[in-house]
There are 2 protein chains.
Amino acid sequence: MKAEKEIIVDRRIQKTKKALTEALIHLILEKSYEKVTIQDIIDRANVGRSTFYMHYESKEQLLLDGHNNLNVAMFSIEINGELSFKNLFGHIAQNQQLAKAMLGKKSGNIMAEFFKNSIAIKIKKKFGHQFGKGKKEQKLLSYLSEATAALVISFLVSWVEDEMFFSTEEMASKCQDTVTSIFVYSKI
Amino acid sequence: MKAEKEIIVDRRIQKTKKALTEALIHLILEKSYEKVTIQDIIDRANVGRSTFYMHYESKEQLLLDGHNNLNVAMFSIEINGELSFKNLFGHIAQNQQLAKAMLGKKSGNIMAEFFKNSIAIKIKKKFGHQFGKGKKEQKLLSYLSEATAALVISFLVSWVEDEMFFSTEEMASKCQDTVTSIFVYSKI
DNA sequence: TTTCATTTTGAACTTGGTGTTTTTTATTGA
DNA sequence: TCAATAAAAAACACCAAGTTCAAAATGAAA
């Protein structure tokens, strides 16, 4: 089970991708995503214009490329099929600067949307059994799952923007409680 | 109390502003906010380039200008200091197309952010009394208010994108219940 | 209806970012 | 060491943004 294919990536490629990603993150924190131009990125990363386009088609693709640790956070929300907010908030805490660039007010919300969708799917899976098969019930489940995911993301963003005032445990438990209360109640 | 100052606006100005606003709304529905250029807007509105810049500095300013009925909806959420989701959803229903352009997936989220903030303030006001004066309690109140507002907006967006499958009353009551459950629970 | 102020137009122009292409140079993996 | 590959550098066409100005159109008010 361990013998994964070792794909060797040219060191030059690794180097440029890393430089571009880091440049983007720092520029987002400085100016906000919308205001960052590709020109800015390649200047900061010290990379030629054509080199950028060799690897990416756009700013957005660079952002979504996933050569960052936050994706780990997203996958960590589910442990043995159970939602684990403790894991989620924990991983965010370990990548504070990155999380701020990706989720904060200056982020442009692209990653936040991405995260939100992942969380919505997991919430839907977890609470789906409480809802009937009818069209109305299923639609309500969708609305509630998406809305709850939006609530979770908002919690995350507040926390990150607030320099993580609360502890990981406090956040995780408050978040867990709130999500539960929404679905416990809607069960009726 | 009625003698409000009658400011007479040149009909030419009314006409161009209206044309620009309507052009923007239709273009958003066709392409999505981000992809709409000022060039598109003035072409569609049949307005000269310099005329646009006479009235607005940017696309965003045109969007936020508020020469549309949705702002009515926002103010209608509060009646005698009480949150009234029935009013909110009702006003949205009466401006379906506009609401879709302003809040839907193609909207660029600028108005949604705006709405969210308004709602968050009202929620905070309504439930503030349940929280102590301490820094932690106040921060939690803020987080919860913003997150709940995000939930409400998500509800709105789902509904609008879904061509308003549920009735206004159904949506309002579900929304009301969910918001209440969050704060009833967090009271503990 | 005439007058006068204001708005609109249209065109020209600068600026700045985008995305592509080509040639030359540097680095890598084997 | 060497063939393959990536990066750099520079030039290019393209498009939208935003500004400017003189001329034309239109509205308001008398």
Side-chain angles (χ1 to χ4, degrees), chain A residues 3-67 101 106-110, chain B residues 4-67 101 106-108 110:
Chain A
E4 304 197 359
K5 228 176 213 168
E6 268 286 342
I7 295 169
I8 295 149
V9 179
D10 194 312
R11 283 179 207 139
R12 287 169 295 182
I13 295 178
Q14 295 178 34
K15 195 180 142 202
T16 41
K17 285 196 169 187
K18 191 178 170 203
L20 288 169
T21 303
E22 287 183 352
L24 177 57
I25 290 166
H26 288 109
L27 285 163
I28 288 172
L29 293 172
E30 286 167 25
K31 322 171 85 175
S32 86
Y33 176 76
E34 282 85 2
K35 288 184 182 160
V36 176
T37 66
I38 291 177
Q39 195 64 53
D40 290 332
I41 300 169
I42 61 182
D43 286 349
R44 175 70 65 97
N46 230 309
V47 155
R49 180 163 206 72
S50 46
T51 307
F52 178 94
Y53 286 105
M54 175 137 305
H55 299 294
Y56 304 103
E57 289 188 329
S58 62
K59 238 196 332 179
E60 183 166 327
Q61 210 182 299
L62 170 58
L63 191 69
L64 292 171
D65 182 39
H67 273 254
K106 292 177 173 171
S107 69
N109 288 330
I110 293 176
Chain B
E4 305 197 359
K5 226 176 214 165
E6 269 285 345
I7 294 168
I8 295 151
V9 179
D10 195 312
R11 284 180 205 137
R12 287 169 294 184
I13 296 178
Q14 296 178 33
K15 195 181 142 201
T16 36
K17 285 197 169 186
K18 191 178 169 203
L20 288 170
T21 303
E22 287 182 353
L24 177 57
I25 290 167
H26 287 108
L27 285 163
I28 288 172
L29 293 172
E30 286 168 24
K31 322 169 88 174
S32 88
Y33 176 76
E34 282 85 1
K35 288 184 181 159
V36 176
T37 66
I38 291 178
Q39 195 64 53
D40 292 331
I41 300 170
I42 61 181
D43 286 350
R44 175 71 64 97
N46 231 309
V47 155
R49 180 163 205 73
S50 43
T51 307
F52 178 94
Y53 287 105
M54 176 135 306
H55 300 293
Y56 304 103
E57 289 189 327
S58 61
K59 238 195 335 178
E60 182 166 328
Q61 211 181 296
L62 171 57
L63 191 68
L64 292 171
D65 183 39
H67 273 255
K106 292 178 173 173
S107 69
I110 293 176

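Being a predicted model, the structure only gives us computed values, none of them experimental. Labels below follow one simple rule: chain letters A, B, ... track the order of the sequence lines, proteins then strands, and each chain is numbered from 1. Values below: all heavy atoms of this structure, side chains included; hydrogens, waters and symmetry mates excluded.
Smallest separation of non-hydrogen atoms from A/Ala101 and A/Ser107: O-CB, 3.1 Å. Nearest heavy-atom pair across B/Lys59 and B/Ile38 is N-CD1, 4.2 Å. Across B/Val36 and B/Ile28, no two heavy atoms sit closer than the pair CG2-N, 4.0 Å.
For the pair A/Leu62 and A/Phe52, the minimum side-chain heavy-atom distance is below 4.5 Å. Counting heavy atoms from C-beta outward, B/Leu20 and B/Asp65 have side chains that stay 4.5 Å or more apart. Side-chain contact between A/Lys15 and A/Arg11 is absent, with no heavy atoms from C-beta onward closer than 4.5 Å.
The CG-C1' distance, from B/Asn46 to C/dT9, rounds to 11 Å in whole Å. Atom CD in A/Gln14 sits about 13 Å away from atom C1' in C/dG29, given to the nearest Å. Distance B/Asp43 CG to C/dT9 C1': 14 Å, rounded to the nearest Å. One can place OH of B/Tyr56 at 15 Å from C1' of C/dT8, the figure rounded to the nearest angstrom.
Side-chain proximity of B/Asp10 to the nucleotides C/dG29, C/dT7, C/dT8 is greatest for C/dT7.
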What string of B, S and - do you get for nucleotides 15-26 of chain C, 5' to 3', if B is base contact, S is sugar-phosphate-only contact and - is no contact with any protein heavy atom under 4.0 Å? --SBBBB----B
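Protein chain A contacts DNA chain D over a range whose 5' and 3' limits, counting nucleotides with an atom under 4.0 angstrom from a non-hydrogen atom, are D/dT5 to D/dA9.
For residues 25-35 of chain B, the set of pairs meeting the salt bridge (Lys or Arg N to Asp or Glu O under 4.0 Å) definition, not counting sequence neighbours, comprises B/Glu30-B/Arg44, B/Lys31-B/Asp40.
Expressed to the nearest 0.5 Å, how far CG of A/Leu24 lies from CG of A/Leu29 amounts to 9.5 Å.
Heavy-atom nearest nucleotides on DNA chain D were determined for A/Val47 and for B/Val9, and the one closer to the 5' end corresponds to A/Val47.
Contact check, B/His55 against C/dT7: no side-chain N or O comes under 4.0 Å of OP1 or OP2.
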